[in-house]
Amino acid sequence: MGLPCGFGASTLQTLKLVAIPSSFSMLRPCISKTLSLHSYHHFQRSSLPFLSRALSATALQSTSIANEDEKGISFSPLVKPQWRAAIDFKWIRDNKDSVAANIKNRNSNADLELVLELYERLSNLQKEVERLRGERNVVANKMKGKLERSERQRLIEEGKNLKEGLAALEEDLVELTDKLQQEAQSIPNMTHPDVPIGGEDCSVLRRMVGSPREFSFPVKDHLQLGKGLDLFDFDAAAEVSGSKFYYLKNEAVMLEMALINWTLSEVTKRGYTPLTTPEIVRSSVIEKCGFQPRGANTQVYSIEGSDQCLIGTAEIPVGGIHMDSILASSTLPLKYVAYSHCFRTEAGAAGTATRGLYRVHQFSKVEMFILCRPEDSDTYHEELIGIEEDLFSSLGLHFRTLDMASGDLGAPAYRKFDVEAWMPGLERYGEISSASNCTDYQSRRLGIRFRPSSEISTGPKKGKTNIPTQFVHTLNATACAVPRMVICLLENFQKEDGSVIIPEPLIPFMGGLDLIRPKSK
Amino acid sequence: MGLPCGFGASTLQTLKLVAIPSSFSMLRPCISKTLSLHSYHHFQRSSLPFLSRALSATALQSTSIANEDEKVVKPQWRAAIDFKWIRDNKDSVAANIKNRNSNADLELVLELYERLSNLQKEVERLRGERNVVANKMKGKLERSERQRLIEEGKNLKEGLAALEEDLVELTDKLQQEAQSIPNMTHPDVPIGGEDCSVLRRMVGSPREFSFPVKDHLQLGKGLDLFDFDAAAEVSGSKFYYLKNEAVMLEMALINWTLSEVTKRGYTPLTTPEIVRSSVIEKCGFQPRGANTQVYSIEGSDQCLIGTAEIPVGGIHMDSILASSTLPLKYVAYSHCFRTEAGAAGTATRGLYRVHQFSKVEMFILCRPEDSDTYHEELIGIEEDLFSSLGLHFRTLDMASGDLGAPAYRKFDVEAWMPGLERYGEISSASNCTDYQSRRLGIRFRPSSEISTGPKKGKTNIPTQFVHTLNATACAVPRMVICLLENFQKEDGSVIIPEPLIPFMGGLDLIRPKSK
């Protein structure tokens with residue numbers, strides 16, 4: 001359980017969260033060395049001074065690499081991204097200093113200078129392409145009239161040259177666009193002005209609810225309790241599946257179902273649409289949500305022989321529901337509450353605190369997700385953390401809510417609140433939930449826009465004004481991550497005899513059961 | 001949804017159910033050609049007449065193949081197959097293979113087994129000789145005599161080492177062939193193809209409607225219950241989101257089923273949904289190959305489960321259970337994942353055949369003499385559950401040609417789906433006797449109280465293999481099809497059956513959404 005959207009302030013920094021195309025990390029050295037437009041050869045350099053200046057040094061190298069490629073050498077530096085984020089480069093250029101400061105505050109290794117350089121090249125190349133298209137049109141128009149034979153021959157030749165040059169430039173345009181994407185996609189989201197700047201230590205306490213429960217007897221941790229109550233089987237799961245897998249047994253199954261049902265029911269009551277989701281998704285959707293499905297330390301399980309992966313959180317399939325669409329303004333906000341199983345490799349988590357259910361490869365989770373107008377996302381962020389606080393309070397947990405520091409935010413988050421609950425057996429606060437405002441980071445990748453309603457803009461132009469679309473804001477928040485919640489409930493509500501009291505709100509969802517009793521052998 | 005334990009009389013025949021090691025299908029032609037003990041070379045052939053006869057023709061060929069690219073695939077595990085029993089019941093086994101439409105090669109298995117037995121005897125003989133030589137050397141000896149004995153001992157040791165290698169290899173080959181032999185068949189099972197399946201019971205009759213019925217997709221559209229289009233973009237075809245009351249209905253079905261089956265003394269479980277491929281094989285499914293139903297995890301030996309039967313079957317893997325703990329009855333809730341390779345073109349509208357679904361599965365481990373009784377208990381629970389939801393269904397005793405390799409007998413439940421205008425399989429219950437337990441290594445020690453013979457006290461009673469049974473208590477998507485299509489009203493709303501209402505927070509009707 002280490003995807004940053006769900007868990008683990010401590011794990012966050014070890015994760016690669018940035019949405020970049022799959023094989024990018026291997027490519028990076030190549031790219032920075034071969035930022036040339038390799039198909040740019042026979043054309044008149046004189047008319048493209050900036051291009052020749054920028055590229056002449058590397059032109060030969062890149063061409064040879066491209067040739068190697070044709071021979072079938074497998075590592076192609078020219079990886080086509082399967083999709084493009086609608087990144088606002090003009091805004092980045094115009095706010096260069098803020099973006100640079102933000103990259104620093106977020107501990108990101110995005111290369112802003114390179115992005116801006118690539119963007120400038122691209123802009124100039126676009127202009128050049130436009131100019132040549134214009135010239136070609138001029139030549140084409142000239143040829144419509146009556147012409148001397150030699151003159152016609154000259155124009156045909158000129159047109160041919162222009163066409164060839166244009167074709168080469170258009171190829172370059174595509175390639176440069178791809179490279180700009182690769183670099184720019186690693187730029188993190190901007191940061192909410194109230195977010196504390198700094199590393200994990202700088203996170204600010206938002207709220208503290210309750211106080212650590214006091215016990216008149218030596219407390220057990222959830223594993224000891226589970227043993228007495230016959231609730232888990234980690235040993236069999238290690239044989240059947242591997243370490244960090246588990247079976248839930250007896251009342252633990254009822255507790256899991258009760259938590260899911262109660263949470264769904266509570267959140268649905270608040271106007272959220274319940275969903276169950278696919279747990280196998282295309283890897284591109286994972287990338288678009290800001291996660292990295294490939295690479296040595298990926299948290300994502302891939303399906304063999306396909307481009308599909310297992311989800312680490314329902315945020316991914318719910319984020320994907322409205323992919324590549326323009327929503328009617330009247331449908332916003334869209335509020336979802338999704339129940340799914342989640343799968344995480346936990347690569348790199350060896351050695352971290354991983355007792356029992358705390359960090360596991362598979363778990364059930366109920367996740368909230370909102371798509372809204374940009375001006376509303378701060379308000380809905382408060383709504384989400386409010387729901388979380390309500391839920392955990394009504395279960396009687398002691399917890400604190402943190403406004404996470406800039407250095408601790410994953411790339412998609414504009415702001416993130418974490419909830420950490422007291423786990424008496426583990427003798428620590430453990431993250432049980434988080435709520436993130438991703439503003440337009442995900443929607444620019446997933447292609448989710450809306451058209452502001454025309455009623456609002458009642459300017460002088462009446463009727464069908466073509467109001468431009470905007471990107472929605474997306475927010476996600478954990479309503480219930482079952483295993484960590486089970487840890488909290490068992491450890492906080494244990495009695496001296498090893499039995500565990502079921503919190504009031506869950507009793508109706510446990511078929512009336514109010515106490516888990518030790519099994520008599 | 002096409003794994004035979006769960007669904008699809010019609011799909012069964014297209015599935016490869018037999019537990020055979022992963023790359024076996026590619027190997028088969030090689031194996032039948034290279035059934036030699038390729039490491040058997042320098043040793044005295046004269047002392048092994050049957051071996052040299054059997055092997056001389058192919059010895060060269062097999063050696064070269066082995067060098068080529070390690071054709072000698074080691075199975076990662078071995079089934080405890082009772083070869084002696086197979087040999088002693090050759091005719092019944094042969095008839096059974098025929099009745100089950102299996103392509104297992106019994107003659108080859110028996111031939112390999114005989115070779116193995118002889119090789120074992122030969123190895124024993126050489127071990128004995130080696131011991132004789134070793135013992136002789138303990139006494140005082142002439143130098144030349146000692147030298148001769150040393151030489152003889154060395155020869156024996158080398159020969160033995162080669163034979164022991166052969167023994168391992170032959171054992172592996174025997175495994176590969178023998179694992180494709182299907183389970184025996186219950187004497188009451190009708191012999192023949194799908195058409196021969198026999199009606200066990202018919203409950204209710206097709207519901208009559210005074211209006212044109214809709215199928216579940218049309219109903220789901222009006223009620224805003226599914227999103228197949230978004231799932232096709234996000235995941236691929238045959239995936240889906242459940243929305244609104246469909247989510248509540250799924251949860252209600254799972255909760256109600258768990259609660260009903262738990263009441264009957266079954267231990268509730270949730271299971272890992274990623275398991276080692278060897279466990280899948282041991283349960284009688286084939287995790288690899290072109291037409292596999294199993295999703296594999298990249299860069300590991302793990303796969304996604306197609307049914308909770310697999311992780312539940314695995315719980316007691318490689319263990320000896322106390323007789324007093326039997327029967328062990330489980331009811332497990334899991335998500336299931338199936339590639340549905342080869343299902344293109346079959347009836348796959350809407351939720352009928354999908355890549356991912358929720359299922360509640362019953363699983364029993366019991367003493368051999370009890371498995372028929374528990375098979376009746378399982379089909380009885382299924383019939384109870386579906387009756388109390390008010391479904392019209394029929395129960396079939398599936399014909400021999402329609403049984404997967406692990407099943408000794410299988411009952412299928414087919415419910416009426418008015419929108420699809422057909423009976424569709426919603427459940428099945430299989431008695432696998434000791435087919436899975438011989439692969440999973442699950443034994444029990446009969447209690448000594450029963451065998452109160454003259455020998456009192458700690459008699460070493462031999463262990464036996466348990467019998468395993470599995471049965472679908474609720475496969476959610478097909479159940480959702482049944483409920484929507486059977487309980488639809490003219491206005492497109494759907495009545496919730498009585499038993500589920502408390503599990504739907506009191507909701508008794510799904511109403512069309514006003515746009």
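The figures here come from the full heavy-atom set of this structure, side chains too, leaving out hydrogens, waters and symmetry mates.
How far OG of B/Ser323 is from CZ of B/Phe444: 5.5 Å, rounded to the nearest 0.5 Å. One distance of note links CG of A/Leu275 with CG of B/Asp227; it measures 8.5 Å at 0.5 Å rounding. Rounding to the nearest 0.5 angstrom, the gap separating the OG1 atom in A/Thr474 from the CZ atom in A/Arg445 is 10.5 Å. Here SG of A/Cys289 is found 6.0 Å from CD of A/Glu315. Values are rounded to the nearest 0.5 Å. B/Ile310 CD1 to B/Ile280 CD1: the interatomic distance, rounded to the nearest 0.5 Å, is 5.0 Å.
Put simply, of A/Val281, A/Thr276, A/Ile303, the one with the most heavy-atom pairs under 4.5 Å next to chain B is A/Thr276. Heavy-atom pairs under 4.5 Å with chain A were tallied for B/Ser319, B/Pro502, B/Pro268, B/Gly236; the largest tally goes to B/Pro268. Among B/Val331, B/Asp229, B/Thr267, B/Val312, the residue making the largest number of heavy-atom pairs under 4.5 Å with chain A is B/Thr267. Note: B/Pro272 leads B/Pro272, B/Gly314, B/Gly299 in heavy-atom pairs under 4.5 Å with chain A. For the set A/Gly511, A/Ala338, A/Pro317, the entry with the most heavy-atom pairs within less than 4.5 Å of chain B is A/Pro317. Ranked by non-hydrogen atom pairs under 4.5 Å with chain B, the options A/Ile321, A/Ile280, A/Val253, A/Val285 are led by A/Ile280.
The part of B/Tyr333 that comes within reach of chain A is its side chain, from C-beta onward, which places non-hydrogen atoms under 4.5 angstrom from that chain. Contacts of B/Gln302 with chain A are made by side-chain atoms alone, with heavy-atom separations under 4.5 Å and no backbone atom involved. Within the 4.5 angstrom heavy-atom criterion, only backbone atoms of B/Ala232 (N, CA, C, O) approach chain A. Of the atoms belonging to B/Asn244, heavy atoms from both backbone and side chain fall under 4.5 Å from chain A. Using a 4.5 Å cut-off between heavy atoms, B/Glu273 contacts chain A through both its backbone and its side chain. When heavy atoms are compared at a cutoff of 4.5 Å, A/Gln362 approaches chain B solely by way of its side chain, counted from C-beta outward.
Below 30°, between 30° and 60°, or above 60°: for B/Phe239 and B/His355 the angle between ring planes is between 30° and 60°, a tilted geometry. Classified by interplanar angle (parallel below 30°, tilted 30° to 60°, perpendicular above 60°), the ring pair B/Phe226/B/His216 is perpendicular.
Here the shortest heavy-atom pairing between A/Glu367 and A/Ala314 reads CB-CB, 4.1 Å.
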Worked check of side-chain hydrogen bond (donor to acceptor under 3.5 Å, both in side chains) between B/Thr307 and B/Lys359:
CA-CA 8 Å; B/Thr307 163; B/Lys359 182 159 67 69; 2.8 Å; yes
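A cation-pi geometry, defined here as NZ or CZ lying under 6.0 Å from the six-membered ring centre and within 45° of its normal, holds between A/Arg484 and A/Tyr358.
Within the 4.5 Å cutoff, the side chain of A/Lys288 has heavy atoms near those of the A/Trp83 side chain.
Looking at A/Arg282 and A/Glu287, no side-chain N of the basic residue comes within less than 4.0 Å of a carboxylate O on the acidic one, giving no salt bridge.
Annotation: residues 252-264 of chain B contacts chain A through B/Ile254, B/Asn255, B/Leu258 [non-hydrogen atoms, separation under 4.5 Å].
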